[in-house]
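Take a look at the structure set out below.
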Amino acid sequence: MPELSVLLPLLGVLLAVGFFAGIVAGLLGVGGGIVLVPVFYWVFASLGHVPDQLMQICVATSLGTIVFTSIRSVLSHARRGAVDFTILRQWGPGIVIGSALGVVIAAGLKSHMLMLVFGVLGCIVGVYMALGREHWRLGQSMPGLLGRSIASPVIGFLSVLMGIGGGSFGVPLMTLYNQPIHRAVATAAGFGVLIAVPSFIGFLLTGWGIEDKPPFTVGYVNIPAFVIVVAMTLISAPIGVRLAHALPAKPLKRIFAVFIFLMAVNMLVKALGA
């Protein structure tokens, strides 16, 4: 077990990033995972745990926190009437199927491959958030049966590989199809629930044979990191929701986009050097 002088600073990092992730989840509908995964990787590596599937532990633990963060966030948005439950019902089955497939694929990959996926997709998300324009449209209404049959599993699949909620892909998709930004953010929190619940269960049931896992890791989910972050996100997610309805989204998105891009590039560099 690491010394207290090592554990306490890392505990402080997890408390701070958990609070920040909750704010981000409520504010931008991205579930907080895009912040949590790189921090989890740094914390576990700092403690000397670098198994071949460390990235799976980071992804799984992140998705576990997103279960609770997204539920808290979507309930807060729903009280304001911002969630489009019709979209959730129509897109839910495909998202769940894609998420289940994501667990199967992620469990079989080496850690550096998941790092590569996170880095590439994170850069794309960051660039879009920074440079995307509100007037960009692919259509005036959400895709029909064929479109969502293709797009919804892809959203679930890619989100699980990155350990994130559905907002990073769901919010841009909904705004490109003429959904107001506040409705898109609120509904994407529901995407996060649909992605995180089946994948969290899947990751709890797999990964039992992995050696050199961080202490108190069940399957692929590290319980201490999960509990610490959930405790903070449950406090801060409603704050993010209030900010989402009170602050202009554009400058906040641009700042967060730069943050995402830098973290993704860092992960990409590590993956290419692995």
Side-chain angles (χ1 to χ4, degrees), residues 21 23-37 62 66 69-70 73-74 77 82-84 86-88 90-92 94-95 98-99 102 117-144 146-196 240-241 243-245 247-265:
I23 295 286
V24 167
L27 181 62
L28 300 174
V30 296
I34 204 160
V35 178
L36 293 173
V37 171
S62 171
I66 290 170
T69 304
S70 295
S73 181
V74 78
H77 281 295
V83 180
D84 191 323
T86 299
I87 292 177
L88 290 183
Q90 292 175 340
W91 288 66
I95 288 173
S99 300
V117 170
F118 185 97
V120 171
L121 294 179
C123 286
I124 293 171
V125 170
V127 169
Y128 181 83
M129 289 184 70
L131 302 180
R133 296 292 181 263
E134 292 182 8
H135 64 272
W136 287 358
R137 292 290 181 272
L138 294 176
Q140 293 304 307
S141 60
M142 292 292 286
L146 178 60
R148 67 173 176 264
S149 296
I150 297 171
S152 58
V154 171
I155 289 173
F157 178 74
L158 295 180
S159 296
V160 168
L161 291 188
M162 292 184 69
I164 63 176
S168 295
F169 301 115
V171 171
L173 183 139
M174 283 185 274
T175 55
L176 285 171
Y177 284 96
N178 205 36
Q179 300 300 307
I181 183 62
H182 288 126
R183 184 184 300 167
V185 167
T187 306
F191 282 10
V193 178
L194 296 169
I195 290 164
V241 171
L243 291 174
H245 290 270
L247 296 175
K250 185 181 295 185
L252 295 170
K253 283 178 64 178
R254 298 285 165 77
I255 294 170
F256 190 61
V258 174
F259 180 67
I260 290 173
F261 186 79
L262 292 175
M263 288 194 300
V265 168

From [atom1] ([X]) to [atom2] ([Y]), nearest 0.5 Å:
{"X": "Phe169", "Y": "Met174", "atom1": "CZ", "atom2": "CE", "result": "13.0 Å"}
{"X": "Thr175", "Y": "Leu138", "atom1": "OG1", "atom2": "CG", "result": "9.0 Å"}
{"X": "Leu176", "Y": "Arg133", "atom1": "CG", "atom2": "CZ", "result": "13.0 Å"}
{"X": "Ile124", "Y": "Phe261", "atom1": "CD1", "atom2": "CZ", "result": "10.5 Å"}
{"X": "Arg148", "Y": "Ile95", "atom1": "CZ", "atom2": "CD1", "result": "11.0 Å"}
{"X": "Leu158", "Y": "Ser168", "atom1": "CG", "atom2": "OG", "result": "11.0 Å"}

When you compare the side chain of [Y] with that of [X], does any pair of heavy atoms fall below 4.5 Å?
{"X": "Trp91", "Y": "Ile155", "answer": "yes"}
{"X": "Ile181", "Y": "Val171", "answer": "yes"}
{"X": "Leu88", "Y": "Phe191", "answer": "yes"}

Please find the pair of heavy atoms, one from [X] and one from [Y], that lie closest to each other, and give the distance.
{"X": "Trp136", "Y": "Leu131", "value": "CH2-O, 3.7 Å"}
{"X": "Ala264", "Y": "Gly122", "value": "CB-C, 3.5 Å"}
{"X": "Leu121", "Y": "Met162", "value": "CB-SD, 3.3 Å"}
{"X": "Ile164", "Y": "Ile66", "value": "C-CD1, 3.5 Å"}
{"X": "Ile195", "Y": "Gly165", "value": "CD1-C, 4.0 Å"}
{"X": "Ile34", "Y": "Phe118", "value": "O-CZ, 3.6 Å"}

Kindly write out the residues that satisfy side chain to side chain donor-acceptor pair (under 3.5 Å) with Ser141, not counting sequence neighbours, or none if the list is empty.
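Residues passing side chain to side chain donor-acceptor pair (under 3.5 Å) with Ser141: none at all.
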Heavy atoms from other residues, nucleotides or ligands near CG of Leu146 exceed 12 (cutoff 6.0 Å):
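Counting neighbours around CG of Leu146, 12 or fewer heavy atoms of other residues, nucleotides or ligands fall under 6.0 Å, so no.
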side-chain contact (heavy atoms from CB on, under 4.5 Å) between His77 and Thr187, intermediate numbers included:
CA-CA 8 Å; His77 281 295; Thr187 306; over 6 Å; no
Ser73 side chain vs Ala189 backbone, donor-acceptor pair below 3.5 Å
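Side chain of Ser73 to backbone of Ala189: no pair is present.
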Determine whether Ile87 and Gln179 satisfy the following criterion, side-chain contact (heavy atoms from CB on, under 4.5 Å), listing intermediate values before the conclusion.
CA-CA 11 Å; Ile87 292 177; Gln179 300 300 307; 4.0 Å; yes
